[in-house]
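Protein chains get the first letters and strands the later ones, always in sequence-line order, with residue 1 at the start of each.
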Amino acid sequence: MGLVVTNTLTRKKEDFVPRDEGKVSMYVCGPTVYGDIHVGNARAMVVFDVIRRYLLWRGFDVTFVRNYTDVDDKIIARAAEEGLSSEEVAFKYSAAFDEVVASLGIAAPDHPVRATEHIPDMVEMIQSLIERGFAYEAGGSVWFAVDKFKDYGKLSGRTLADMRAGERVEPDPNKRQPLDFAVWKAAKPGEPAWDSPWGPGRPGWHIECSAMSMRYLGTGFDIHGGGSDLVFPHHENEIAQAEAATGEKPFVRYWLHNGMVNMGNEKMSKSLGNLVLAKDLVAEVGPQVMRIMAIAGSYRSGVDFGEASLEQATRVSERLDSFRRDAPAGGKLSEEGRQFLNRFTEAMDDDFNTPVALGTMQEIIRRGNTLMGTSGPDDPQLPGLVEALDEITGVLVGPVAHAQAEGGSDSPTAKIEELVEQRDRARKEKDFGRADAIRDQLKQLGVVVEDTPQGTRVVSS
RNA sequence: GGCGGCGUGGCCGAGUGGUUAGGCAACGGUCUGCAAAACCGUCUACCCCAGUUCAAUUCUGGGCGCCGCCUCCA
C-alpha cells in the first residue's frame, strides 16, 4: 500500500505519485509579515511540517519552499501605524515568525523565499500573461481577466456565474469584470514600488506564490499546501495565473488544505478578533503540547484549541515525557517495534492520519510502561520498542520531544534539592507528617515529587 | 443566495456494510506509609426520517443542526 492524499482539486483521496520518482516538491503558503502569527497560522505550519517530516522519513527526497509575503497593503498600513518603513515592518515580523516557528520545532524550508526578492520573476510572468491575452493593463495596474481562463473555478468548485451571484465588493473601476484580480498594483505616493513596464508598482498577492513556487519547483510540482481559507480566491488565482502564463497544466499535482482552528465554535481569525498569539500559547503550554493539539485531529478538519483539548494534549505530552525519562535509550528496532511502526505508517499513508498515528504512539508508551512495570527499565524488549517511539516522535513532534526530555528535569535549585533530601530522610525515619509537609512546600515552589522504586523523582510543573 | 465540509459514547477524536480505535473524565482494582505516576478492569456510541441490502453508524434521498469559503486570512 502506498501513500494516499486528499486532493482539493478532485476532493478525493488519490494515490500519491510524485512528478519525479522518489522526489517530492512542495510549496506552502507562508505568512504575510505584518504582525505576530496566531495559533491558527501556527497550526498550519505544524501540519505541513509533520507532512514534510513524514515524507522524508518515508524516504522521499523532499524540496520544501515557503514564502514570506513581505510587500502588501496590510504591511503598508502597519508601517504607517508603527511609524516604520514597510521594509522594517516586514523584517521585524518575519524575524518574529521565524522565532515562533523554530520554537515549535518546525524545520526551516529548503528555500525560504521573499516576494520582494523575486519581483523580476513576477514581472516576467505578468508580461507573459499580457502577451498571451490573459491580462490587461489599466491605470498602471495589471488585471487578470478571469473569463479568458476557462478553468477558472476548478479548484474551489464554482463557476463564474456562481461567483457573480454572490458579489459583495465594490469593483475597481479599472477592471473589465468585477472578478478580475490585480496581478500588478500601481503604486500610490509613498508606497514601496518597483519599476515595471507598466510604471512603478508592486505585485498582487496571488502572483507571488505562482511565480516563486515555479521558480524553485518548476511546473507541475507535487504538493501545494495552505489553509482551507486560501482555496478561494488565493489558490484559484494561483492556478489561473500559472497555467495561463505557462500554457502548461497542471500547475500543481496535489492541493492539500488544512482546516481552521476554532475557539469555542468560531474560527480563530484576525478579523474576528478572537485570536491567541502563537508565541503566547507556546509560552504558556510549551511547544510539544501545542504540536500535539495541532495534530490531534486530522489536518483537513478544524481543530479546537479550547480548554478540554489543551488538557488532553497536555496529558499526552506528559505521558510521553514521563516515559522517555524512565525508559532506556532506543536500540535496534525489535519485531514488536516494527509492528507498531507498520501501524504508524499505515495511518500516515492514509492521508496523514495523525490522530491514529498519535494513538499508535500512545500504545507504544503503554506497552513500554507495562514492560517496565513488570521487569524494570532493563527489560531487553524495551530498546527495540523505544526505537519505534523515537521514529514516530521524530515525525510528529520533531526535535521538540528530545529537547524537552533532556531539558525538562533541568537543574533543580539547591533549595529544592535540599528539601527533597530532607523529605527522603523523613520518610526513612517514618516521619510521614513531616514528609508530607515538605511535599506541600515543594508543590508551592512548583515542584512535584513522585516516589518510585528507583527513588524520588522531581518533576517541575 | 451559491460552493464545500461536518454531525460518533460525559468530552476530544479515528474508523468500518456484519468483527477493538486511541485519549481525557468517571468508577473499581493492583502498587504506595499516603499520594502521584504506572498498569489492569468497567463504562459501548454512531442527529432524525425514508430507501437499498440477508445485514447500515458506514451506501442513496430528504430533513434538521453546525462549520468554512464567496472580502484580507493558515
Answer with yes or no whether the side chains of D70(A) and Y93(A) bring together a donor and an acceptor at under 3.5 Å. no
With C1' as the reference atom in both, quote the distance from A21(B) to G15(B) in angstrom, rounded to an integer. 7 Å
With rounding to whole Å, what would you report as the distance between A14(B) and G22(B) at their C1' atoms? 8 Å
Could you verify whether a donor N or O on one side chain and an acceptor N or O on the other, from T32(A) and D72(A), lie under 3.5 Å apart? no
Please classify the nucleic acid contact of V449(A) as base, sugar-phosphate, or nothing, using heavy-atom distances under 4.0 Å. base
Scan V28(A) against the nucleic acid and name what it touches under 4.0 Å (heavy atoms): base, sugar-phosphate only, or nothing. nothing
Are side-chain N/O atoms of S156(A) and R158(A) paired as donor and acceptor at under 3.5 Å? yes
Going by modelled atom types, is there a donor-acceptor pair between the base of A36(B) and the side chain of R457(A) at under 3.5 Å? no
Rounding to a whole Å, what distance do you find between R423(A):CZ and C34(B):P? 13 Å
Suppose we define a pair by two distances each less than 3.5 Å, Watson-Crick or G-U wobble; what does A37(B) pair with here? none
Check every strand shown and say whether G259(A) touches a base, only sugar-phosphate, or nothing at a heavy-atom separation below 4.0 Å. base
Pair K13(A), D350(A) - check side-chain contact (heavy atoms from CB on, under 4.5 Å), show working. CA-CA 9 Å; K13(A) 284 186 185 176; D350(A) 182 14; 2.8 Å; yes
C64(B) and A35(B): how far apart are their C1' atoms, nearest whole angstrom? 50 Å
Before giving the answer on salt bridge (Lys or Arg N to Asp or Glu O under 4.0 Å), spell out for R423(A) and D451(A) the whole-Å C-alpha distance, their side-chain angles and the decisive distance to 0.1 Å. CA-CA 11 Å; R423(A) 179 168 172 276; D451(A) 302 319; 2.9 Å; yes
Can you check the distance between G29(B) and G63(B), where both ends of the measurement are the C1' atom (answer in whole Å)? 48 Å
Atom pair distance, as rounded to whole Å: CD1 in I365(A) and P in C24(B): 11 Å
Identified pairing partner of C6(B), criterion: Watson-Crick or G-U wobble below 3.5 Å: G65(B)
Determine the interatomic distance between C1' on G10(B) and the same-named atom on C49(B); round to the nearest Å. 27 Å
E363(A) bridged to R366(A) by N-O distance under 4.0 Å: no
Does R439(A) reach a base, just sugar-phosphate, or nothing at all? Heavy atoms under 4.0 Å. base
Provide the distance between the two P atoms, one in C59(B) and one in G5(B), to the nearest whole Å. 13 Å
From CZ of F432(A) over to P of G33(B), roughly how many Å is that when rounded to an integer? 7 Å
Whole-Å gap separating P (A38(B)) and CZ (R367(A)): 17 Å
Rounded to whole Å, CD1 of I223(A) lies from C1' of A74(B) at a distance of 17 Å
For C39(B) and R366(A) - does any side-chain N or O of the residue sit under 4.0 Å from the phosphate oxygens OP1/OP2? yes
What does U16(B) pair with, Watson-Crick or G-U, if both distances are under 3.5 Å? none
To the nearest Å, how far apart are L155(A) CG and C69(B) P? 15 Å
Considering every strand and a 4.0 Å limit on heavy-atom distances, what is the contact class for D436(A): base, sugar-phosphate, or nothing? base
Length of the line joining K154(A):NZ and G4(B):P, which is rounded to integer Å: 17 Å
Base, sugar-phosphate or nothing for F232(A)? Non-hydrogen atoms, less than 4.0 Å. sugar-phosphate
Nearest-Å distance once atom P is located in both U58(B) and U8(B): 13 Å
Do E208(A) and T69(A) have side-chain N/O donor and acceptor atoms under 3.5 Å apart? yes
Kindly state whether the ring of F221(A) and the ring of F251(A) have centres lying under 6.0 angstrom apart. yes
Short side-chain N/O contact to C39(B) OP1/OP2 from N369(A), under 4.0 Å: yes
Can you check the N7(A) CG to G4(B) P distance for me, whole Å? 16 Å
If you look at every strand shown and take non-hydrogen atoms under 4.0 Å, does E363(A) touch a base, only sugar-phosphate, or nothing? sugar-phosphate
Could you measure between the two C1' atoms, the one in C24(B) and the one in G13(B), and give it in whole Å? 11 Å
How do R319(A) and G157(A) order along RNA chain B: which one's closest nucleotide is nearer the 5' end? G157(A)
Compare the minimum distances between each of A35(B), C40(B), A74(B) and the side chain of T370(A), then state the nucleotide with the smallest one. C40(B)
Nearest 0.5 angstrom please: T393(A) OG1 to R324(A) CZ, how far? 5.0 Å
Tell me which of V39(A) and E311(A) sits closer to the 5' end of RNA chain B, going by the nucleotide each one is nearest to. E311(A)
At under 4.0 Å between heavy atoms, which parts of nucleotides 5-14 of chain B does protein reach? Answer with one letter per nucleotide, 5' to 3': B base, S sugar-phosphate only, - none. ------BBSS
So, is R315(A) close to the A38(B) phosphate, meaning a side-chain N or O under 4.0 Å from OP1 or OP2? yes
Qualifying residues under ring pair (Phe, Tyr, Trp, His ring centres under 6.0 Å), relative to Y216(A), sequence neighbours excluded: H111(A), H118(A)
Under a 3.5 Å limit for both distances, which nucleotide forms a Watson-Crick or G-U wobble pair with U52(B), could you say? none
For a quick test of reading the model: is some side-chain N or O of R158(A) closer than 4.0 Å to OP1 or OP2 of G4(B)? no
Mark yes or no for a side-chain to base donor-acceptor pair under 3.5 Å between N262(A) and C67(B), with no hydrogen or angle criteria applied. no
